[in-house]
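Below is one structure, written out as structure tokens; comments come after it.
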Amino acid sequence: MRMSKLFVQTLREFPSDAEVMSHKLLVRAGYIRKLTNGVYNYLPLMWRVLKKIENIVREEMDAAGAQELLMPFVQPSELWQESGRWEVYGKELMRLKDRHNREMCLGPTHEEVITSIGREGIRSYKQLPVNLYQIQSKFRDEIRPRFGLLRGREFIMKDAYSFDADEEGLDKSYEIMAKAYKKIFERCGLETKMVQSDSGAIGGSVSHEFMVLVNEESENNAGENDVFYCTKCGYSANSNHAVSILNPAETDGHFDKAQITDTPDVHSIEELSQFLKVPSSVICKCLIYVIDGKYVAALIRGDRTVEETKLMNVFAGNDIRIARNDEIEEIMNNSGFSAIAGFIGPKGLKGVEIVADETVKELKNFVIGINQTDKHLTGANWGSDVELPEKIADIRLVEQNDKCKDCGAELKVTKGIEVGNIFKLGTKYSKAMNATFTDKDGQEKPFIMGCYGIGISRTAAAAVERHHDEYGIKWPVSIAPYKVIVVPVSDQDEKQMSVAEEIYNKLIEAKIEVLLDDRQERAGVKLKDADLIGIPYRITVGKTILDNLVEFKERATNVTQTISPDEAVQRIINIS
RNA sequence: CGGGAUGUAGCGCAGCUUGGUAGCGCACCUCGCUUGGGACGAGGGGGUCGCAGGUUCAAAUCCUGUCAUCCCGACCA
């Protein structure tokens with residue numbers, strides 16, 4: 001491709017509305033352009049990158065025995081009613097009506113559609129297992145789209161769905177996908193970590209995420225997830241799912257008797273700890289949440305933090321948020337109290353479900369709110385002063401240096417970009433939607449399903465996050481839009497131009513994806529653009545061509561060498 | 001949903017306090033000159049100042065509303 005004809009506009013400055021590097025660079029280098037909030041045009045260079053990633057995904061999915069198909073982007077509400085998700089999916093589901101006033105939605109994922117395909121097409125266990133996948137745009141009306149391609153509302157995703165006759169079959173299908181994913185990301189030039197995670201709105205039991213770790217890059221960290229991992233045994237999990245052994249802390253408040261103590265204007269745990277001169281770990285924190293519209297009080301040791309996803313899962317909820325002050329007021333009114341936030345306790349709460357984290361069980365002579373403003377109960381004990389809630393669960397956020405539950409070593413935390421995820425769905429959708437097959441024994445049984453996603457556009461952005469420098473992008477060769485760019489320094493110099501053309505033609509002949517910068521620009525512009533766009537190899541034809549020498553540059557390392565044009569061509573051909 | 005900020009040419013921005021008919025850099029077009037790291041000179045094109053009302057002889061500027069975008073928070077008990 002000749003640069004003079006290539007549809008690309010590079011910018012001299014970074015766009016003002018971009019925060020993370022992948023967003024800044026992809027816009028500046030002319031790969032993407034925002035159409036509206038969270039929705040981007042993929043310009044020709046970007047589209048080449050996306051197709052590269054898609055093809056790697058296709059090759060590995062096909063090799064793993066999956067078959068590609070394409071499902072509609074617009075889906076009827078009926079299917080979502082069947083699965084029960086029409087009600088629970090929430091505002092992220094973009095709903096619309098057709099001319100007959102029928103309710104439809106834009107596909108944020110395709111479990112419902114694939115389940116309907118499975119139940120129509122698979123009648124017998126003899127047809128199983130089946131794994132079907134597609135590569136397609138998804139639309140999720142995110143609360144807050146950001147970071148360019150990393151969290152858009154419309155994005156390209158590969159989603160695969162497996163159907164098996166039994167759990168063993170699913171385990172096998174899951175294992176095959178886990179292996180395929182590892183290979184896919186490796187081929188894309190991305191090192192990933194497979195971590196345990198919460199299964200979220202998709203539903204199901206077991207799930208893992210593939211994370212690109214980005215902690216090393218200090219400024220503008222694009223990693224939206226905290227990943228906890230054990231340095232010894234390899235345990236790793238998303239913070240929404242990670243568990244640990246209770247960290248040791250002072251659990252005895254050393255108050256000699258239970259009594260109501262004045263704590264005027266002391267609202268936070270930190271203030272309370274300072275005021276009473278006790279460690280925060282002997283304070284029993286009580287947080288009021290709203291889960292699917294219902295009030296929940298969560299008790300946790302004062303030095304620890306509630307993990308909202310874990311808490312929500314205790315109640316099998318879909319939506320969680322901390323209660324507003326007016327809601328706390330309502331609870332107080334209903335329970336015959338009048339305390340404000342900061343002094344809430346579990347005792348006597350009406351219309352509120354109570355759950356306690358494991359951390360509060362062992363507390364002795366502790367401090368707790370009693371629904372009286374400016375007062376706390378000190379020296380409290382379970383049973384005699386406050387009832388220990390029946391519901392006890394692990395609802396705490398793991399912290400760095402907590403001990404690994406598998407081996408006892410210390411856990412560390414790092415930031416990650418989730419580029420892929422795999423779920424064991426089980427029978428969640430097949431049961432709800434009555435998708436069954438006839439098993440060996442003649443019995444009608446629901447499919448045991450799994451689903452497997454890869455964010456294609458996010459993977460591209462993650463690659464930029466991982467591979468760039470101050471001058472621009474450094475694409476891994478496997479997903480670069482072009483492999484090599486030939487740059488004649490002066491378009492006035494006939495010799496330089498003719499050699500550049502010659503190299504260009506030889507590379508085309510060898511079926512190499514090559515750019516020729518034949519623009520009438522000064523050398524600086526062409527060299528800057530080559531770095532910015534991030535083509536992995538550059539062959540620069542300058543004055544030294546009189547000695548039959550060109551410059552060969554590898555973008556990944558920025559190492560340059562002076563070699564003959566023929567050798568440069570040969571080197572490119574040898575790099576596959 | 002709450003808080004903060006911003007909307008002026010394709011991109012980056014100034015002008016607004018103190019109202020007077022819109023400007024700078026980059027990009028774009030023409031000519032000259034220049035060619036190893038985003039040159040230079042001369043000339044030129046491009047903007048209903050987010051939108052809608054209001055105040056005024058006069059509004060990018062003041063007032064009201066609205067829409068959009070960006071950032072932060074979503075942990076205070």
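Only a predicted model underlies this, so the values are computations on that prediction, with no experimental measurement involved.
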Say you pick atom C1' in B:G46 and the same atom in B:U8; how far apart are they, in whole Å?
14 Å

Nearest to the A:R33 side chain among B:G12, B:G10, B:U35, which nucleotide is it?
B:G10

Over 60° means perpendicular and under 30° means parallel, so tell me whether A:Y40 and A:H23 are parallel, tilted or perpendicular.
perpendicular

Atom CD of A:Q496 and atom P of B:G36 are separated, to the nearest Å, by 8 Å

Under 4.0 angstrom, heavy atoms only, what part of the nucleic acid is A:E307 near: base, sugar-phosphate, or nothing?
base

Out of B:C70, B:C13, B:G36, whichever nucleotide has its closest atom nearest the side chain of A:S16:
B:C13

A:R522 side chain: which of B:A77, B:A39, B:G37 is closest?
B:A39

Does atom CD of A:E87 have more than 12 heavy-atom neighbours, drawn from other residues, nucleotides or ligands, at distances under 6.0 Å?
yes

Is any side-chain heavy atom of A:F343 closer than 4.5 Å to one of A:H376?
yes

Closest to the A:Q492 side chain, choosing from B:G37, B:U35, B:G25
B:U35

Tell me what A:I288 touches on the nucleic acid: a base, only sugar-phosphate, or nothing, going by heavy atoms under 4.0 Å.
base

Within the 4.0 Å heavy-atom criterion, would you say A:L532 contacts the bases, only the backbone, or no part of the nucleic acid?
base

What is the distance from CG of A:D529 to P of B:C26, rounded to the nearest Å?
17 Å

Using whole Å, report how far CZ of A:R538 lies from P of B:G36.
13 Å

Categorize A:T305 for me: base, sugar-phosphate, or nothing, with a 4.0 angstrom heavy-atom threshold over every strand shown.
base

Would one find more than 12 heavy atoms of other residues, nucleotides or ligands at under 6.0 Å from atom NZ of A:K294?
no

In whole Å, what separates the C1' atom of B:U56 from that of B:C13?
30 Å

Base, sugar-phosphate, or nothing for A:G369, non-hydrogen atoms under 4.0 angstrom?
nothing

Describe the nucleic acid contact of A:I328 in one word from base, sugar-phosphate, nothing, applying a heavy-atom distance below 4.0 Å.
base

Taking only the P atom of each, what is the distance from B:C51 to B:G44 in whole angstrom?
29 Å

With no hydrogens and no angle check, just 3.5 Å: does a side-chain donor-acceptor pair link A:D226 and A:N238?
no

Rounding to an integer number of Å, can you tell me how far A:E13 CD sits from B:A14 C1'?
14 Å

Can you tell me if A:N37 touches the phosphate of B:C70, counting only side-chain N or O atoms and a distance under 4.0 Å to OP1 or OP2?
yes

Of the listed nucleotides B:G37, B:G36, B:U34, the one nearest the side chain of A:V489
B:G36

Distance, C1' atom - from B:G20 to B:G32, rounded to whole angstrom:
40 Å

Checking base pairs now: Watson-Crick or wobble, both atom distances under 3.5 Å. What partners B:U56?
none

Of A:K526 and A:P15, the one whose closest RNA chain B nucleotide lies more 5':
A:P15

Rounded distance in Å - CZ (A:R151) to P (B:U69):
17 Å

Strictly by Watson-Crick or wobble contacts shorter than 3.5 Å, is anything paired with B:U66, and which nucleotide is it?
B:G50

With respect to the side chain of A:K553, which nucleotide from B:A74, B:G37, B:G36 is positioned closest?
B:G37

Decide if atom CD of A:E92 counts as having more than 12 heavy atoms of other residues, nucleotides or ligands within a radius under 6.0 Å.
yes

Consider the side chain of A:T544, meaning its heavy atoms from C-beta on, and name the nucleotide among B:G36, B:A77, B:U35 that approaches it most closely.
B:G36

A:R153 atom CZ is separated from B:U69 atom C1', nearest whole Å, by 12 Å

How about A:F315: does its CZ atom have over 12 heavy atoms from other parts shown lying under 6.0 Å from it?
yes

Using only modelled atom types and a 3.5 angstrom limit, is any donor from either the side chain of A:R321 or the base of B:G73 paired with an acceptor on the other?
no

Are a donor atom and an acceptor atom from the side chains of A:E250 and A:S281 found within less than 3.5 Å of each other?
no

Between B:G45 and B:G50, how far is it from one C1' atom to the other, in whole Å?
24 Å

Provide, to the nearest angstrom, the distance between the CD atom belonging to A:E19 and the P atom belonging to B:G73.
11 Å

Look at the side chain of A:K34 and decide which nucleotide, out of B:C28, B:U69, B:U34, has an atom nearest to it.
B:U69

Which listed nucleotide (B:C28, B:U35, B:A77) is nearest to the side chain of A:E521?
B:C28

Please measure how far the C1' atom in B:U69 lies from the corresponding atom in B:C11, and state the result in whole Å.
16 Å

Distance check, C1' atoms only: B:C57 and B:U21, in whole angstrom units.
13 Å

Can you find a donor-acceptor pair, distance only, under 3.5 Å between A:Q9 side chain and B:G10 base?
no

Provide, to the nearest angstrom, the distance between the CZ atom belonging to A:R301 and the P atom belonging to B:A77.
16 Å

Between B:G36, B:U69, B:C11, which nucleotide gets closest to the side-chain atoms of A:T36?
B:U69

In whole angstrom, give me the gap between the C1' atoms of B:G4 and B:G36.
47 Å

Pairing nucleotide - B:G43, Watson-Crick or G-U, each distance under 3.5 Å:
B:C29

With rounding to the nearest 0.5 angstrom, report the CD1 to CZ distance, A:I331 to A:F337.
11.5 Å

Return the pairing partner of B:G36 with a 3.5 Å limit on both distances, Watson-Crick or G-U wobble; otherwise return none.
none

Across all strands shown, which nucleotide pairs with B:G2 by Watson-Crick or G-U wobble geometry, both distances under 3.5 Å?
B:C72

Please state whether the base of B:U35 and the side chain of A:D493 form at least one donor-acceptor pair under 3.5 Å?
no

5'-most contact on RNA chain B: A:I344 or A:G524, nearest heavy atom basis?
A:G524

